[in-house]
Structures are given as structure tokens and as C-alpha cells.
2 protein chains.
Amino acid sequence: MANINEIAKQAGVSVSTVSRVLNNHPYVSEDKRAAVQKVIDELDYTPNRAAIDLIRRETRTIGVIMPYNNNQAFDQLLHGILNMSIEQDYSVTVLPTKYNKDKEISYLNMLKNKQLDGIIITSRSNDWESIIPFTKYGMIVACEYTDHPEIGCSYLDRYSSYLDVFQLLKEKGHTTVAFTTARGLESKSTQQTIAAYKNVFGELRPELHISDCYSMEDGSNAAKKLLSMNPRPTAVYANGDEVAGGFYQYALSIQLKVPDDLAIIGQENQPIGIGLGLSTVDHQLVKVGEQAFNLIISKSREKQKIPYRIIHRLSI
Amino acid sequence: MANINEIAKQAGVSVSTVSRVLNNHPYVSEDKRAAVQKVIDELDYTPNRAAIDLIRRETRTIGVIMPYNNNQAFDQLLHGILNMSIEQDYSVTVLPTKYNKDKEISYLNMLKNKQLDGIIITSRSNDWESIIPFTKYGMIVACEYTDHPEIGCSYLDRYSSYLDVFQLLKEKGHTTVAFTTARGLESKSTQQTIAAYKNVFGELRPELHISDCYSMEDGSNAAKKLLSMNPRPTAVYANGDEVAGGFYQYALSIQLKVPDDLAIIGQENQPIGIGLGLSTVDHQLVKVGEQAFNLIISKSREKQKIPYRIIHRLSI
DNA sequence: ATGAAAGCGCTAACAA
DNA sequence: TTGTTAGCGCTTTCAT
């Protein structure tokens with residue numbers, strides 16, 4: 001395809017003038033501008049983005065590190081990020097890690113080679129010490145809280161949220177309450193859940209915590225295990241509405257009534273929870289994503305807490 | 001950050017030699033190679049990607065046009081695409097359109113300005129005539145069938161699949177069967193559903209088709225409408241397992257038994273369907289995505305049909 | 001208001 | 001095996 005020299009030649013002007021009309025600079029006479037535009041249209045010319053990126057030292061592209069894309073929570077985050085990227089005319093590149101440390105680092109290197117202006121980390125497997133050196137090359141924003149001043153944060157206060165829910169359950173008279181998590185102890189959010197639990201109920205009997213829950217099916221399996229205990233839990237806090245849905249389904253299948261026999265509360269206000277009428281705590285992940293994007297492009301390293309809200313339906 | 005000239009100077013070699021070690025070219029003596037590598041490590045140097053893209057005329061990045069990211073079906077496609085992109089060391093950029101025609105065209109322009117090597121269209125609002133001119137600038141692959149030879153296709157044979165399901169339902173003795181779709185008549189897949197329906201059942205009473213169904217809640221609402229008809233449908237083919245789940249939920253809530261009073265079959269083998277034991281037709285969207293990606297990077301304009309499979313559970 | 005020219009950081013053809 | 005050099009397509013001083 002034609003380049004800027006070609007346009008300049010055919011329009012009978014210099015490349016600088018062409019560049020000026022391309023970038024809407026002032027101080028271009030109307031006739032020259034028109035002449036240039038005419039040739040641009042005729043030749044169906046578009047400036048080469050790589051050349052512009054090279055000279056401008058920016059790509060207007062940001063990357064999103066996420067373990068999986070086929071997961072409701074990460075999907076909500078991504079959705080928020082995409083919302084803002086459209087408004088701000090940025091591109092976003094998805095960087096799936098499956099929690100592979102090396103992969104994660106290789107993605108961070110895209111900052112170093114100027115392929116990306118910034119990276120949003122929705123979940124990570126490397127520790128901050130390995131990540132922070134890359135802030136030298138571009139903005140890094142996390143969707144979790146961290147003290148490190150180099151990292152901007154758009155986060156939800158999981159601990160408070162978990163505390164709230166467990167307290168609510170306790171107030172309703174539940175003494176044996178179970179909960180599920182996605183990852184195990186290597187995950188900060190699992191650790192926070194456990195801490196909140198202990199804060200409210202004193203101690204945690206290990207069998208009341210089931211990890212590796214992602215789908216409705218996982219929820220059903222967890223319910224099966226939990227509800228065969230004696231005494232069995234009277235309430236469960238699931239790490240997502242799909243998992244909560246699995247609990248609901250299994251409970252019904254063994255003639256337990258929700259919430260009388262089993263109280264259920266999920267997370268993230270997902271479609272299935274709406275359909276099933278499950279109470280949930282909405283961590284507003286879409287907003288978390290939107291805010292993360294805002295931090296990136298405003299080059300801010302602020303720590304921004306996004307409020308959660310408990311949505312009361314009929315399952316607790 | 002340092003550039004290739006800096007490395008060359010400090011290593012006491014020419015830039016070509018540096019370039020050669022960077023690209024693992026043969027004909028570099030071991031000592032020079034070592035010297036260069038040493039400086040590269042010391043200076044923590046990484047080649048600038050924009051410069052490489054500029055000269056190579058490729059970005060190793062492909063774009064994925066999709067209406068929404070927060071949708072199970074598109075998510076499966078994206079998942080497949082990401083699977084292959086990791087293997088092939090490509091980046092993928094998400095291009096959300098919300099079915100906005102202009103936005104869609106602006107994304108296609110990223111091919112023209114060399115920002116993207118190729119684009120996968122998972123769903124579109126522009127007609128092919130507007131899209132095809134862009135094949136001049138890069139590969140375009142669609143996740144639907146089209147005759148146009150310029151467009152590679154990784155597609156599912158929706159018509160056959162719909163035909164199969166309706167036939168199955170008919171064989172089971174159902175005469176009044178309803179179905180749901182996402183979009184209305186502007187969508188080819190809706191048109192195909194209707195055509196298959198008419199092929200099997202002769203005519204379609206308009207009230208048996210409900211569009212704009214995306215979530216479980218939409219499914220419940222559709223069920224409410226459908227099941228209050230007289231005579232009411234005895235089977236429903238939902239355009240997704242979440243929608244099917246909504247039907248299931250509503251049917252149970254009014255004491256209808258599945259499948260005796262209402263047979264339900266969904267699509268895409270989603271977690272909720274597994275949890276609820278709903279029969280479904282799995283269009284293998286992950287594979288469709290993977291194949292689309294393969295077509296793009298092998299620069300093939302083939303038409304590849306991905307087989308579907310009906311998964312029999314207990315809801316029909 | 002316009003143009004000449006010097007890069008941005010890299011690759012590759014050519015020469016040695 | 002190595003170096004010189006001419007670009008890739010653009011932006012941006014600096015003159016004029």
C-alpha cells in the first residue's frame with residue numbers, strides 16, 4: 001500500500017504537510033489540506049500503525065493478565081475493561097496464564113519491548129517481588145489490594161465482604177456454616193475467607209471448607225459431601241452463583257428446603273443466581289475492571305476500593 | 001532503554017551481528033555471540049517490537065470481532081482462539097462491537113493499518129459486501145458459513161443440527177414444540193432455526209418462537225409465556241443451556257415434570273446444563289474457535305465444518 | 001505556512 | 001564470518 005511519501009509526491013507537497021493533515025495540525029492552508037486529502041482518498045491510504053508506535057513510543061494497547069477467559073468472574077472484569085477501552089479508543093489484548101508463572105512473566109515482558117502500554121493483572125501466580133521490576137517499563141494495575149506503591153489497585157475489600165456475610169449468617173442463628181473457594185491456600189482470597197470465618201466463628205473445622213469449586217457441578221458435589229455430615233451445615237457461602245446453584249439443586253434433590261433447611265448465598269450476581277432467586281454478594285467486578293482501566297490510562301497508582309453490595313433474595 | 005546500536009557498540013561488533021544473535025542466525029562465531037549476549041544481559045536489553053513489526057510487516061496479533069464478551073457462546077469461541085494463540089505464540093485482541101456496524105468497520109481497518117495480521121469474525125452486523133474489501137489487507141476468517149471464496153470459515157452446520165433436534169423431538173411424539181433464539185430475524189442462525197422447524201413441522205405458529213433470550217431469567221420469562229398457552233408446548237429447544245435452565249426452573253415451579261410434561265433441550269453444553277442434567281446439543285464452539293485460528297495463521301480460506309453432537313441427559 | 005532532514009529501532013542485501 | 005548501508009513509514013525539529 002501507498003505510504004506517506006507517495007501521498008506527498010502525488011499531492012505535490014512535502015511529507016511534513018501530509019503528516020500535518022493526518023494529525024489535524026493547524027497551519028496548513030486549506031488548499032493544500034484539500035489536495036492532500038484528495039490523494040489520500042484516491043489512494044485509499046491509511047497510516048501504518050507500527051511506524052507511528054515506533055516513533056510515538058506508545059501503542060494505545062493494554063494487556064489483561066487472567067488465568068482463564070471462560071470464567072464468569074474474570075469475564076466480568078474483562079467486560080469492564082473493554083467498556084472503558086472502547087470509550088478511550090484503546091485496544092486490549094487478552095493474556096491467559098492458566099496460572100503458569102513463566103507465562104505470566106513473559107507477558108510482563110511485553111511491557112519491556114513496548115508492545116503494550118500497560119497491564120492489568122486480574123489474578124497472578126508470581127509474587128509481587130517478581131512483578132514490580134516491570135513497572136519500570138509501563139503501568140501495572142492490579143485487581144486486588146497490595147501495599148506496594150508501584151502498583152495501582154482497583155480492588156474489592158474481600159475481607160470485609162466475607163466478614164459481613166459470615167456475620168449475617170451468624171445473626172440468623174447459623175452455627176455450622178460451610179464455604180467454598182476456587183483455589184486453595186495459595187490464593188489470597190481463600191486466605192481472606194478463612195480469616196473472616198475465624199473472626200466470626202472462632203475456629204474452622206477443615207471439612208467445612210471445600211476448594212476447587214468453579215462450576216455448578218462442583219457445587220453439587222460439594223453439597224453432597226457437606227450435607228452428608230452429621231451435624232450438617234445449615235448455611236453455605238459459595239464462591240460464585242454457579243456453585244451456589246449447584247448447592248441449591250442438590251439440596252432440592254434430597255428434599256431439603258432452601259433457606260429453611262439450608263441457607264445459601266453466592267457471589268457476583270450471575271444470571272443463574274437471578275434465575276434461581278439466590279442471595280448473593282455482588283462485588284461489582286465490572287466496575288473493578290472499569291476502574292482498573294482508568295487507573296492505567298491516567299497513569300495513577302492509587303488504591304481504589306470498589307464497594308460491594310449484598311443482594312437479598314430468598315435463599316437465606 | 002538501550003537499543004541495538006548501544007549493544008553493538010559496547011560489545012564491539014556491528015548491529016548486524018547483534019541482530020544475528022537476536023534472531024539465532026547461523027554464521028556467528030561463538031565468542032562474538034557470547035560477547036553480545038553478555039552485553040544484552042548486562043543492559044537488560046529487549047528488542048523493540050514496533051520496530052520489528054514495521055520492518056517485518058506483521059504483528060503476530062490477531063483480532064476477534066465479537067458483539068459481547070460476557071456471553072457463554074462467544075466466550076467458548078474466544079477460549080478456543082486463545083488456546084491456539086498460546087501454542088503459536090500469537091497475541092489476540094478483543095474487538096467488541098455490540099453489533100454496531102461502524103465500530104465493526106473501524107476494527108476491520110486495523111488490518112489496513114497493519115495493526116493486525118488477521119481478524120476472526122464470530123458474529124457480524126455488516127453484510128459480506130462491506131467486509132470483503134478488507135481481505136485485501138489481511139486474513140479474515142468467519143465462524144459461520146459463507147460462500148464467498150475470500151473468507152475462510154470454521155463453522156457449525158446449524159441447519160442440520162436444528163433439523164436433527166426437531167426431528168428427534170417429533171419422533172418422541174411432540175407436536176407442539178417451541179424454541180427460543182438470541183437475536184431476531186436479522187440473524188442468520190435465527191433464520192436457520194425457523195427453516196429447520198418448518199421443514200420438520202410444516203408451519204410455525206409465531207407465538208412458539210421467542211427471541212431475545214440470553215440468560216436463565218430470559219428463559220424463565222419465556223417459559224412463563226409459553227406454558228400459559230393452550231394447548232401448551234410439550235417440548236422446547238432453547239438457544240443455550242442457561243435459557244434451558246430457566247425453562248427447567250419455571251416448569252418445576254408450576255409442578256410440571258421434566259421431561260414428562262415438558263421436554264427441554266439446550267445448546268452448548270454449559271456448566272448449568274451439566275448441573276441440571278439437561279440434554280443439549282454441543283456445537284463444540286471451542287473447536288470452532290481453535291480451527292478459526294488455525295485457518296488464519298495458515299492463511300487458508302477453506303470452509304471447515306465442525307461436527308456437533310447431541311448429549312443425551314434426562315430432560316427429553 | 002511549508003519543506004528538508006534527522007531520526008525512531010530494527011532487518012537484510014550486499015560487500016568484503 | 002562480519003560490517004556497511006539502505007531502508008521500513010512515520011513524526012518532528014529547525015529553517016525559511
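Chain A is the first sequence line, chain B the second, and so forth, proteins listed ahead of strands; every chain is numbered from 1.
Using a 4.0 Å heavy-atom distance criterion, B:Val15 is classed as a base contact. Residue contacts shown for A:Thr17 are limited to sugar-phosphate atoms, with no base heavy atom under 4.0 Å away. Looking at heavy-atom distances under 4.0 Å, A:Ser29 makes contact with sugar-phosphate atoms alone, never a base. Counting any heavy atom pair closer than 4.0 Å across all strands shown, A:Lys114 reaches no nucleic acid atom.
Atom CG in A:Asn113 sits about 13 Å away from atom C1' in C:dC10, given to the nearest Å. At whole-Å resolution of the value, CG in B:Asn23 and P in C:dC10 are 11 Å apart. When rounded to the nearest whole Å, the span between CG of A:Asn5 and P of C:dA5 equals 13 Å. Between B:Leu54 atom CG and C:dA12 atom P there is a gap of 12 Å when expressed in whole angstrom units. Rounded to an integer number of Å, the gap from A:Ile52 CD1 to C:dG9 C1' is 16 Å. If you take CD of A:Glu58 and P of C:dC8, they are 18 Å apart, rounded to a whole angstrom. In this structure, the CD1 atom of B:Ile4 is 11 Å from the C1' atom of C:dA12, given to the nearest Å.
Side-chain contact check for A:Tyr99 and A:Ser123: at least one donor-acceptor pair (N or O, by modelled atom type) lies under 3.5 Å. A side-chain donor from one of A:Glu6 and A:Gln10 sits under 3.5 Å from a side-chain acceptor of the other.
Of the candidate nucleotides C:dA12, C:dC10, C:dT11, C:dA12 has the atom nearest to the side chain of B:His25. When distances are taken from the side chain of B:Arg56 to each of C:dG3, C:dG9, C:dA12, the shortest belongs to C:dA12. When distances are taken from the side chain of B:Arg20 to each of C:dG3, C:dT11, C:dC14, the shortest belongs to C:dC14.
Each of B:Val28 and B:Ile55 was matched to the nucleotide of DNA chain D holding its nearest heavy atom; the match closer to the 5' end belongs to B:Val28. Comparing B:Gly12 and A:Tyr45, the nucleotide of DNA chain D nearest to each residue sits closer to the 5' end for B:Gly12.
Between chain B and DNA chain D, the heavy-atom contact criterion of under 4.0 Å yields a 5' to 3' nucleotide range of D:dT1 to D:dG9.
Between the side chain of B:Tyr137 and the backbone N or O of B:Leu116 there is no donor-acceptor pair closer than 3.5 Å. Checking side-chain atoms of B:Thr61 against main-chain N and O of B:Val92 turns up no donor-acceptor pair under 3.5 Å.
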(request) Report the C-alpha distance between A:Thr17 and A:Lys32 in whole Å, list the side-chain angles of each, state the deciding distance to 0.1 Å, and finish with yes or no for side chain to side chain donor-acceptor pair (under 3.5 Å). (result) CA-CA 8 Å; A:Thr17 300; A:Lys32 299 248 177 200; over 6 Å; no
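Ring-plane geometry between B:His148 and B:Trp128 is classed as tilted, the angle between the planes lying from 30 to 60 degrees on a 0 to 90 degree scale.
At C:dG3, none of the side-chain N or O atoms of A:Ser16 fall inside 4.0 Å of OP1 or OP2 (strictly under the cut-off). Regarding contacts with the backbone of C:dG9, every side-chain N or O of B:Asn48 stays at 4.0 angstrom or more from both OP1 and OP2.
Between A:Lys112 and B:Asp44 there is a salt bridge, since a side-chain N of the basic residue sits under 4.0 Å from a carboxylate O of the acidic one.
Side-chain contact between A:Tyr45 and A:Ile4: present, with at least one pair of heavy atoms (C-beta onward) separated by less than 4.5 Å.
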